[in-house]
Colleague: 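Just passing along the structure, written as structure tokens.
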Amino acid sequence: QVDLVQSGGGSVQAGGSLRLSCSASGLIFDRSAMGWFRRASGGEGEFVAAIVGSGQDTHYDASVKGRFTISRDNSRNTVSLQMNSLKPEDTAIYYCARSVGRTWRDYAGDYINWGQGTWVTVSS
């Protein structure tokens with residue numbers, strides 16, 4: 001059984017920083033790309049960032065590029081999302097997810113395991 005357990009998040013003022021982490025178990029971690037998605041209250045889910053299994057390639061949605069950094073530690077089976085220069089429009093529930101393969105994907109349907117979700121609230 002694959003489990004993804006998230007930590008981090010919380011509330012911050014605009015311009016601040018937060019870090020999300022996701023710890024994985026029950027899988028060979030470096031064989032899966034990992035991603036972060038978010039869903040604002042009443043909104044649709046959207047892709048945020050992804051990282052390939054080796055950690056050598058990353059991809060970001062244009063709305064977060066330059067502000068967010070996705071990383072992974074394959075020795076600890078963790079993936080993280082460092083969020084800087086946060087804006088009120090970043091307010092959402094954030095989910096880490098495991099992809100079906102090693103390469104990055106931005107379509108939620110290609111992700112087969114999901115974390116429990118973590119709220120990130122950015123006030124103006």
Colleague: Is atom CD of Q13 surrounded by more than 12 heavy atoms (other residues, nucleotides or ligands) closer than 6.0 Å?
Modeller: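 Not more than 12 within 6.0 Å, no.
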
Colleague: Quick one: are D61 and D106 in side-chain contact, heavy atoms under 4.5 Å?
Modeller: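 D61 vs D106: side chains apart.
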
Colleague: Determine, step by step, whether L18 and L86 satisfy the side-chain contact (heavy atoms from CB on, under 4.5 Å) criterion, reporting the C-alpha distance in whole Å, the side-chain angles of both residues, the deciding distance to 0.1 Å, and the verdict.
Modeller: CA-CA 8 Å; L18 286 172; L86 282 160; 4.0 Å; yes

Colleague: Are the charged groups of D30 and R102 less than 4.0 angstrom apart, N to O?
Modeller: no

Colleague: Looking at I70 and Y60, what are the two nearest heavy atoms and their distance?
Modeller: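 Of all heavy-atom pairs spanning I70 and Y60, the closest is N-OH, 2.9 Å.
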
Colleague: Got a donor-acceptor contact below 3.5 angstrom from the Y111 side chain to the R105 backbone?
Modeller: yes

Colleague: Under 3.5 Å, is there a donor-acceptor pair linking the side chains of S32 and R98?
Modeller: yes

Colleague: Just jot down the salt bridge (Lys or Arg N to Asp or Glu O under 4.0 Å) partners of R31, sequence neighbours excluded, or say none.
Modeller: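 None.
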
Colleague: Could you walk me through whether R19 and L81 pass the side-chain contact (heavy atoms from CB on, under 4.5 Å) check?
Modeller: CA-CA 6 Å; R19 185 177 181 87; L81 185 70; over 6 Å; no

Colleague: Rounded at 0.5 Å granularity, tell me how far CD in E46 sits from CH2 in W36.
Modeller: 14.5 Å

Colleague: Side-chain contact, heavy-atom cut-off 4.5 Å: V12 with T121?
Modeller: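 Side-chain contact under 4.5 Å: no.
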
Colleague: With heavy-atom distances below 4.5 Å as the criterion, would you say the side chains of W104 and D57 are in contact?
Modeller: yes

Colleague: If you define the side chain from C-beta out and look only at heavy atoms, does anything of R72 sit under 4.5 Å from T78?
Modeller: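 The answer is no; the side chains never approach within 4.5 Å.
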
Colleague: Would you say the side-chain atoms of N74 pair up with the backbone N or O of G53, donor to acceptor, closer than 3.5 Å?
Modeller: yes

Colleague: For the hydrophobic clusters of this structure (ILVMFWY residues joined by side-chain heavy atoms under 4.5 Å, transitively), does one cluster hold both I51 and F37?
Modeller: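 No.
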
Colleague: Looking at V122, is its backbone amide N or carbonyl O close enough to the side chain of T91 to form a donor-acceptor pair, meaning the two atoms are under 3.5 Å apart?
Modeller: yes

Colleague: Locate the shortest heavy-atom distance separating W119 from S41; write the atom from each residue and the value.
Modeller: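 Residues W119 and S41, closest heavy atoms: CH2-CB, 4.3 Å.
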
Colleague: To check you understand the geometry: which heavy-atom pair defines the closest contact between G117 and I93, and what is its length?
Modeller: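 Where G117 meets I93 most closely, the heavy atoms are CA-CG2, 3.9 Å.
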
Colleague: Is any side-chain heavy atom of F29 closer than 4.5 Å to a side-chain heavy atom of M34?
Modeller: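 Yes, at least one pair of side-chain atoms sits under 4.5 Å.
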
Colleague: Going by the angle between their ring planes, with limits at 30° and 60°, are Y94 and F68 parallel, tilted or perpendicular?
Modeller: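 Ring orientation of Y94 relative to F68: tilted.
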
Colleague: I need the minimum non-hydrogen distance between R67 and D90, along with the two atoms involved.
Modeller: NH1-OD2, 2.7 Å

Colleague: Report yes or no: do Y95 and R38 form a side-chain donor-acceptor pair below 3.5 Å?
Modeller: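 There is no such pair (donor and acceptor under 3.5 Å, judged by atom type) between the side chains of Y95 and R38.
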
Colleague: Identify the heavy atoms of S85 and S17 that sit nearest to each other, and give their distance.
Modeller: N-OG, 4.3 Å

Colleague: Could you pull out the closest heavy-atom pair between L4 and N113, with the gap in Å?
Modeller: CD1-O, 3.4 Å

Colleague: Is R39 atom CZ crowded by more than 12 heavy atoms from other residues, nucleotides or ligands, each under 6.0 Å away?
Modeller: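 Atom CZ in R39 is not packed in, count stays at 12 or less.
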
Colleague: Could you list the cluster mates of I112? Members are the ILVMFWY residues connected by side-chain heavy atoms closer than 4.5 Å, either directly or through other members.
Modeller: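 Under the 4.5 Å side-chain rule, I112 groups with V100.
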
Colleague: Is it the case that one hydrophobic cluster holds both V79 and V52, taking links as side-chain heavy atoms less than 4.5 Å apart, direct or via other members?
Modeller: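 No, V79 and V52 fall in different hydrophobic clusters.
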
Colleague: Counting N and O atoms only, with roles assigned by atom type, does the side chain of Q6 sit under 3.5 Å from a partner on the main chain of C96, one being a donor and the other an acceptor?
Modeller: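 Indeed, once roles are kept as given, a pair shorter than 3.5 Å links the two residues.
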
